Amino acid sequence: MEKTYQPSEIEQNWYNTWEKAGHFKPSGEGDSYSIMIPPPNVTGSLHMGHGFNNTVMDTLIRYHRMQGRNTLWQPGTDHAGIATQMVVERQLAANGVTRHDLGRDKFLDKVWEWKEESGDTITRQIRRLGSSVDWSRERFTMDPGMSAAVQEVFVRLYDDGLIYRGKRLVNWDPKLHTAISDLEVLSEEENGSMWHFRYPLEDGSGHLVVATTRPETMLGDTAVAVHPKDERYADLVGKNIRLPITNRLIPIVADDYVEREFGTGCVKITPAHDFNDYEVGKRHNLALINVLDRDANILSEFTVITFDNYETQHGEKAPEAYAGLERFEARKKIVEELDALGCLEKIEPHTLKVPRGDRSGVVIEPWLTDQWYVKTEPLAKEAIKVVEDGDIQFVPKQYENMYFSWMRDIQDWCISRQLWWGHRIPAWYDNSGNIFVGRNEEEVRSKYNLDPSAEIHQDEDVLDTWFSSALWTFSTLGWPEETEELKTFHSTDVLVTGFDIIFFWVARMIMMTTHFIKDENGKPQVPFKTVYVHGLVRDAQGAKMSKSKGNVLDPLDIIDGIDLDTLLDKRTTGMMQPKMAKKIAKQTKDEFPEGISGYGTDALRFTFCSLASTGRDIKFDMGRVEGYRNFCNKIWNAARYVLMNTEEQDCGQNGGDVNLSLADRWIVSRLQQTELQVAKAMDSYRLDHVAQAIYEFVWNEYCDWYLELSKPVLWDDNASPETLRGTRQTLVRVLETILRLAHPVMPYITEEIWQRVAPLASKSGETIMTQGYPIADENRIDENADGDIEWLKGVIIGVRNIRGEMNISPAKPITLMLKNGTTEDQRRLEQNETFLKSLAKIEAVTWLGDEEPPLAATQLVGEMEVLVPMAGLIDKDSEIARLSKEVDKVSKELQRLKGKLSNEKFISKAPEDVVEKEKAKLSDAQSTFDKLNEQLEKIKAI
RNA sequence: AGGACUAUAGCUCAGUUGGUUAGAGCGCUACCUUGACAUGGUAGAGGUCGGCGAUUCGAAUUCGCCUAGUCCUACCA
């Protein structure tokens with residue numbers, strides 16, 4: 001074996017071997033356990049969040065697979081409508097081509113090409129992370145099967161009256177030319193202005209002052225509203241305003257939407273360009289006047305529409321100066337003109353929330369269009385119930401509240417997108433605009449008894465990407481066919497995801513699944529029984545990782561390492577804002593002056609697990625990765641030691657009596673306790689505790705103590721064959737168990753070592769992956785052995801402490817004296833003298849009776865005094881200093897305990913066992929204190 | 001505005017139902033190339049657990065208020 005662990009040399013080989021051998025596929029035996037991967041965007045690449053997410057899932061999957069469950073981890077990718085279309089359009093734009101130049105079919109060919117090319121990136125990354133997904137079942141949301149499911153769902157929901165088409169105000173992205181859902185709009189606070197305008201009354205008797213943050217919309221104003229109880233304006237209600245610039249007459253209406261205290265208490269109402277105004281308009285049956293086109297430029301002819309059937313009444317010419325003007329240009333010009341007309345009262349600075357498209361970043365316009373909607377209320381009802389009933393549990397629990405509060409106030413879901421890339425809406429129209437919904441044109445014609453000669457055409461739009469991902473848990477299993485897989489693996493066991501997509505995805509999956517998938521009794525099935533919600537991975541400063549900030553990390557760069565230049569390249573090419581490049585470069589150089597060295601997959605995975613405490617974001621700390629890389633090396637070298645001492649040796653594989661030493665029994669006992677801890681942590685999704693328990697046991701018990709304790713046995717020329725066999729067997733068996741215990745978290749290193757250790761531990765099999773997960777045997781928890789070793793450790797640490805503080809070289813053999821021990825102490829010494837001599841480098845141990853001991857440095861182990869004679873070794877002053885420090889410590893403790901125990905109330909109210917415990921502590925502390933003082937006096941006296 | 005979460009050693013984080021002398025890793029100090037490992041070993045230093053109050057014999061842990069930060073949701077034109 002190499003002297004240090006070299007992850008790069010083994011990882012990819014093992015992955016290929018596992019995959020080829022089919023170990024990632026369900027075994028077909030045992031109770032099922034399944035997880036659906038949250039499908040990443042097929043044309044993107046995985047970031048640290050995915051790395052984390054994959055690690056959690058793979059750990060759970062490998063754990064359950066080793067427990068003998070029939071385990072499926074379903075992989076796949078998402079077509080990500082807007083994001084992908086944008087990428088391809090940007091590529092085309094680089095050559096000066098638009099998608100319209102190509103036309104729909106040619107454009108889609110291009111997208112498919114790009115998907116093929118880029119899809120490999122993701123699957124390669126997933127493989128490198130060690131994820132044991134069943135690649136034979138890989139799915140893509142635009143696969144024929146998936147598309148069929150999407151169509152089926154759309155048609156059935158339409159036929160059930162749960163999908164409708166209507167003209168509504170939607171969030172319109174004027175750059176991408178599509179509607180988007182509420183969730184895709186991000187409102188950030190920005191600095192703007194509040195403009196106060198004077199609107200003259202028709203009768204010339206004065207004016208009202210309205211305030212607005214969006215002057216350009218005034219072209220479409222159809223009323224001014226005041227509060228019905230506002231006395232200032234009571235007699236104006238019903239009168240008309242002569243709207244400046246367009247000179248349109250608009251009424252003054254009373255509506256309690258208006259807040260009297262805000263601004264002047266007068267609000268201009270623009271029903272076609274504001275969600276609130278839309279509601280006001282509806283109540284007062286105002287006209288809707290749309291003044292913007294799809295680019296959010298001013299129309300040359302406004303459309304004037306009534307709420308009644310949204311009938312277009314007539315057009316209205318835009319004031320000539322404004323026709324075709326970009327919206328912010330128009331704003332400027334309107335303010336100037338109003339100023340010139342004497343209608344500008346004042347301009348105040350004002351911070352407001354500006355809605356922007358999460359993809360395009362441009363300001364979203366409420367815009368009146370025809371769109372398709374899912375009526376969510378009935379679906380939400382069932383989706384709320386399954387969580388209330390506990391059919392679905394959130395981990396951590398508090399996310400249920402977030403889920404409920406959103407679900408109980410859910411809006412209808414706008415599912416149509418004016419894109420080309422996606423599932424085309426299965427609806428057809430005839431020339432009079434009648435709607436026909438069906439799986440294909442043929443079906444539509446027969447379903448609606450259409451005249452064969454009737455001309456119909458399919459809707460041009462596609463569905464929101466989340467519409468198809470909402471079906472993910474069952475569409476991947478073959479629905480609407482009633483497949484074996486669907487029966488076996490649905491409902492899935494757990495969904496592992498970040499909280500940021502609870503609304504986008506989790507909620508919608510629950511709605512769709514409960515509506516479409518029922519068990520044999522007609523009870524709605526849930527998509528998953530548990531939702532494990534994890535935090536976001538942030539950079540070392542705690543900032544969200546994002547491409548535009550240039551602080552993203554590719555998990556592979558931590559696995560393989562990357563030099564500074566390449567990393568700089570990666571972070572600064574293909575940016576949306578090239579201006580940022582300089583800043584990003586500096587920040588990157590500061591954080592990674594040497595680039596990043598490769599730490600291997602297992603170290604990265606261990607890091608993710610160790611940071612996976614619930615309900616908390618992860619500030620990614622490179623120092624921890626390094627620490628866990630060192631941990632891998634520790635395991636590696638422990639294995640090296642074990643193999644050096646067991647290979648070609650008798651480890652009891654072929655029978656023969658074994659004699660287990662105290663150390664052997666102790667480490668086996670500790671192993672059982674560790675197994676209990678790990679299982680408990682796994683079952684409660686506390687992967688940080690899993691990692692912690694494994695780390696502690698391996699490093700602080702197996703390596704630090706047990707391996708050291710095995711040395712005196714193995715190196716003892718007089719040791720019996722039974723004893724040697726016992727220790728070798730324990731060495732290999734415990735190591736082999738450690739490997740299985742750690743395998744779900746660190747698949748590669750455990751497999752590599754297991755291949756060599758397994759036969760020595762009488763295990764056989766092709767791979768560690770399918771071995772049984774360790775189960776604690778509580779009969780092997782040996783409290784006597786635990787106690788004895790604790791005692792031994794106490795003595796050894798005492799001696800080492802004296803060595804350390806007295807500057808006695810660890811290499812120098814010393815004599816040790818013990819005094820004032822019990823018979824139990826004597827027994828322990830007798831049985832462990834070899835261990836003690838070896839680990840504390842002691843040449844002789846004497847047991848003192850009542851005789852006066854020589855001057856010595858002292859440590860206490862319980863009542864027993866551990867003495868290292870001073871002659872020639874220890875200098876008086878440093879021993880005085882050392883003892884004084886100890887006395888100080890103990891005296892503080894003594895004070896505290898005395899105070900507590902002299903408190904009447906404590907004695908009378910605290911439970912008896914607690915009082916007893918405190919009393920025992922006090923007497924211990926007292927005797928320690930006395931002995932140390934005594935010793936201190938003695939030393940001082942010389 | 002409403003809600004959630006977070007605040008523990010210089011840094012990154014644990015701390016089960018209140019009973020600890022508050023832990024780990026990294027970093028720091030001193031010493032050590034001993035036959036698995038310097039990606040190591042041994043011994044140390046370092047915290048009034050964000051603040052104030054309440055409950056209790058006893059609070060890092062429960063409750064209230066406050067401060068700071070993060071994030072949702074809803075928003076005032």
Side-chain angles (χ1 to χ4, degrees), chain A residues 1 3-5 187 194 210-214 217 225 257-259 261-270 274 276-277 280 350 352-353 396 398-399 401-402 405-406 409 499-500 502-503 535-536 538 540 542 544 599 603 607 610-611 613 615-624 626-645 680 684 686 688-689 692 695-696 699-700 703-704 707-708 711 715 797 800-805 807-811 841 885 889-890 892-893 896-897 900 903-911 913-915 917-918 921 925:
Chain A
M1 282 174 95
K3 201 172 165 184
T4 52
Y5 176 52
S187 291
M194 178 82 85
V210 298
T212 181
T213 54
R214 307 197 49 206
T217 62
Y257 154 73
V258 181
E259 303 223 6
E261 279 68 44
F262 191 90
T264 57
C266 304
V267 189
K268 65 191 254 332
I269 300 296
T270 325
D274 182 283
N276 288 312
D277 292 5
V280 176
H350 181 72
L352 70 163
K353 295 264 182 143
Q398 73 255 19
Y399 284 104
N401 288 330
M402 183 169 151
S405 69
W406 188 70
D409 188 33
F499 64 86
D500 48 329
I502 287 184
F503 304 144
L536 249 50
R538 297 170 176 277
K544 216 174 190 166
Y599 296 103
T607 308
S610 75
L611 292 170
S613 51
R616 195 175 183 130
D617 281 352
I618 289 187
K619 250 195 227 179
F620 197 79
D621 178 11
M622 221 37 103
R624 284 186 81 140
E626 190 176 335
Y628 295 125
R629 188 270 318 263
N630 296 352
F631 179 56
C632 291
N633 190 54
K634 193 73 180 176
I635 295 179
W636 185 257
N637 274 287
R640 219 158 71 92
Y641 167 79
V642 172
L643 290 171
M644 282 166 66
N645 286 287
K680 188 180 163 207
S684 53
R686 287 304 301 266
D688 56 329
H689 290 171
Q692 174 88 9
Y695 186 96
E696 273 232 15
W699 201 313
N700 302 336
C703 290
D704 283 352
L707 295 190
E708 294 308 319
K711 286 173 185 175
W715 297 346
I797 288 169
R800 283 175 181 169
N801 175 272
I802 292 172
R803 279 185 190 273
E805 304 266 322
N807 268 323
I808 303 169
S809 154
K841 192 84 182 172
K885 203 168 78 179
K889 226 193 238 172
V890 180
K892 269 183 205 149
E893 168 73 355
R896 199 185 59 84
L897 288 163
K900 203 167 188 180
N903 183 346
E904 271 308 312
K905 288 178 178 167
F906 175 69
I907 304 287
S908 57
K909 297 210 177 172
D913 59 316
V914 172
V915 177
K917 234 163 99 186
E918 294 299 303
K921 274 193 218 160

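The structure displayed is predicted, hence computed values, not measured ones. When reading the values below, keep in mind they use all heavy atoms of this one structure, side chains included, and skip hydrogens, waters and symmetry mates.
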Check whether any side-chain nitrogen or oxygen of [X] sits under 4.0 Å from OP1 or OP2 of [N], and answer yes or no.
X      : N     : result
A/H689 : B/U16 : no
A/N630 : B/G40 : yes
A/N637 : B/G40 : no
A/R686 : B/G15 : yes
A/K905 : B/C57 : no
A/K909 : B/G18 : no
A/K841 : B/U42 : no
A/K3   : B/A38 : yes
A/R640 : B/C37 : yes
A/W699 : B/G41 : yes
A/K619 : B/U12 : yes
A/R803 : B/A43 : no

(Q) Under 6.0 Å from the ring centre and within 45 degrees of the ring axis: does the NZ or CZ of A/K634 meet both conditions for the six-membered ring of A/Y695? (A) no
Name the nucleic acid region contacted by A/K711, choosing base, sugar-phosphate or nothing; use a 4.0 angstrom heavy-atom cut-off, strictly under. base
For a quick check of understanding: with a heavy-atom distance under 4.0 Å over all strands, which category does A/S405 fall into, base, sugar-phosphate or nothing?
nothing
Nearest-angstrom distance, [atom1] atom, [N] to [M]:
N     : M     : atom1 : answer
B/A60 : B/A54 : P     : 15 Å
B/C28 : B/U62 : C1'   : 37 Å
B/A4  : B/A77 : C1'   : 29 Å
B/G27 : B/U12 : P     : 15 Å

Heavy-atom nearest pair, A/G535 first then A/D617, reads CA-OD1, 3.4 Å
task = Answer yes or no: is there a donor N or O on one side and an acceptor on the other, between the side chain of A/N637 and the main chain of A/T4, under 3.5 Å?
result = no
Quiz item: Could a donor-acceptor pair under 3.5 angstrom be found where the side chain of A/R629 meets the base of B/U39?
Solution: yes
* Within the stacking criterion (centroid distance below 5.5 Å, interplanar angle below 30°), does A/Y399 stack on B/A4? -> no
For B/U73, the nucleotide meeting Watson-Crick or G-U wobble distances (both under 3.5 Å) is B/A1
Rounded to whole Å, CG of A/N801 lies from C1' of B/G44 at a distance of 9 Å
